[in-house]
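Computed from a predicted structure; not experimentally measured.
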Amino acid sequence: MREENYAYLVLPNASLEETKAYRSNDQIEILSNTPAIQAVRHNQLLQVQANFYKAGKLNIGNGLEITMDGPGLLLIHLDGNKIAKMAVSDPSRKLSKIHLQVNSQVDLQDDKLSIDWNAESWLSDLTVKLPEGEFAGISVILGD
C-alpha cells in the first residue's frame with residue numbers, strides 16, 4: 001500500500017479572483033504533514049499551529065525546535081525567534097499534563113506552567129498542567 005498525502009486551505013466565501021490573489025501572496029508554510037505531526041506556519045502573523053498525534057520533534061523556523069513527548073495541540077505566537085504566547089490542549093481529554101521541550105529559553109509565566117532551563121544543553125523543559133473533569137480538553141493559554 002502506497003502512502004500519499006495532500007494539503008488544502010479553506011478560504012470561506014472567496015471568489016476565484018480572491019483565491020488566485022491569495023495564492024500569489026501565500027503566507028502559509030507547511031512545516032509537517034505526516035501521520036505523526038501536522039503543522040503550519042503563517043509567516044505574516046508569526047503563528048505556528050501544530051497537531052502532534054504522538055511524540056515527535058518539529059522545526060518551527062528561526063532555528064526553533066519543539067519536541068513533545070506525546071499527543072497534543074499547540075498554537076504558538078512568535079516574537080522573532082522567541083515564543084511570545086502559546087496555547088496548549090489535549091483533544092483526547094485524557095491527559096492531566098503535557099510535556100514539551102524547546103531549544104531556546106522560554107520566558108512565559110503562569111501558575112499552570114513549570115519551566116526548567118538548562119543553559120548547558122540550551123533546552124527549556126516545559127510542563128503544562130491541563131484542565132481536568134468537565135473542563136478537560138480546554139486550551140491552556142500561556143503568555144500575554
Side-chain angles (χ1 to χ4, degrees), residues 3-15 17-133 135-144:
E3 286 190 32
E4 295 185 28
N5 63 51
Y6 64 93
Y8 62 91
L9 178 69
V10 177
L11 300 172
N13 298 320
S15 68
E17 292 77 24
E18 290 169 324
T19 302
K20 287 178 182 178
Y22 184 89
R23 186 67 190 137
S24 68
N25 188 26
D26 190 0
Q27 293 291 318
I28 306 286
E29 175 184 354
I30 297 171
L31 301 176
S32 179
N33 190 18
T34 68
I37 304 170
Q38 289 182 308
V40 296
R41 175 182 168 123
H42 193 293
N43 291 313
Q44 185 177 11
L45 298 177
L46 296 175
Q47 185 182 87
V48 174
Q49 299 172 11
N51 188 353
F52 286 76
Y53 294 101
K54 59 183 181 179
K57 181 184 281 190
L58 177 67
N59 180 336
I60 64 171
N62 296 17
L64 291 174
E65 289 183 335
I66 306 282
T67 303
M68 291 204 30
D69 69 353
L73 294 176
L74 292 176
L75 174 61
I76 299 169
H77 290 274
L78 299 167
D79 182 6
N81 63 348
K82 288 195 161 271
I83 295 175
K85 190 173 183 178
M86 180 168 41
V88 181
S89 68
D90 166 35
S92 75
R93 304 178 65 195
K94 296 177 182 175
L95 302 176
S96 62
K97 63 184 175 181
I98 285 183
H99 179 259
L100 55 136
Q101 203 171 57
V102 181
N103 67 335
S104 174
Q105 193 163 8
V106 176
D107 297 323
L108 301 174
Q109 295 184 5
D110 193 280
D111 61 344
K112 296 176 186 75
L113 174 67
S114 69
I115 301 174
D116 291 319
W117 166 245
N118 184 326
E120 262 184 49
S121 64
W122 201 257
L123 291 172
S124 291
D125 286 306
L126 289 75
T127 302
V128 181
K129 186 176 183 302
L130 299 172
E132 296 182 89
F135 299 106
I138 293 176
S139 296
V140 174
I141 299 170
L142 307 164
D144 27 2

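Panel note: side chain Gln44, backbone Gln27; no donor-acceptor pair is recorded below 3.5 Å. With hydrogens and angles disregarded, no donor-acceptor distance shorter than 3.5 Å links the side chain of Asn81 to the backbone of Leu64.
The minimum heavy-atom distance between Glu18 and Asn13, with the atom names listed, is OE1-O, 3.7 Å. When all heavy atoms of Asp79 and Ala84 are compared, the pair lying nearest together is CB-CB, 3.9 Å. Contact record, Ile37 with Ser32: O-OG, 2.8 Å, taken as the closest heavy-atom pair.
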Which donor-acceptor pairs under 3.5 Å do side chains of residues 45-60 form with protein atoms, sequence neighbours excluded?
residue: Gln47; atom: OE1; partner: Gln49; partner atom: NE2; Å: 2.8
residue: Gln47; atom: NE2; partner: His77; partner atom: NE2; Å: 3.4
residue: Asn51; atom: ND2; partner: Tyr53; partner atom: OH; Å: 3.3
residue: Tyr53; atom: OH; partner: Gln38; partner atom: OE1; Å: 2.6
residue: Asn59; atom: OD1; partner: Gly61; partner atom: N; Å: 2.8

If you look only at distance, which donor and acceptor atoms sit under 3.5 Å apart when one is on a side chain in residues 121-132 and the other is two or more places apart or in another chain?
residue: Ser124; atom: OG; partner: Ser104; partner atom: O; Å: 2.6
residue: Ser124; atom: OG; partner: Val106; partner atom: N; Å: 3.2
residue: Asp125; atom: OD1; partner: Gln101; partner atom: NE2; Å: 2.6

Report the C-alpha separation of Met86 and Ile66 in whole Å, then their side-chain angles, then the decisive distance to 0.1 Å, and conclude whether the side-chain contact (heavy atoms from CB on, under 4.5 Å) test is met.
CA-CA 12 Å; Met86 180 168 41; Ile66 306 282; 5.8 Å; no
Could you give me the CA-CA distance, side-chain angles and deciding distance for Val88 and Leu113, then say whether side-chain contact (heavy atoms from CB on, under 4.5 Å) is met?
CA-CA 11 Å; Val88 181; Leu113 174 67; over 6 Å; no
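In terms of the side chain to side chain contact (heavy atoms under 4.5 Å, CB included) criterion, residue partners of Asp107 (sequence neighbours excluded) are, by chain and number, Lys82, Gln105.
To the nearest 0.5 Å, the span separating CG on Asp90 from CD1 on Ile138 amounts to 12.0 Å. Atom CG of Asn118 is separated from atom CG of Asn103 by 12.5 Å, given to the nearest 0.5 angstrom. To the nearest 0.5 angstrom, Leu78 atom CG is 5.5 Å from Arg41 atom CZ. Between Ile141 atom CD1 and Lys112 atom NZ the span is 10.0 Å, to the nearest 0.5 Å.
Taking 4.5 Å as the limit, every side-chain heavy atom of Leu100 sits out of range of all side-chain heavy atoms of Thr67.
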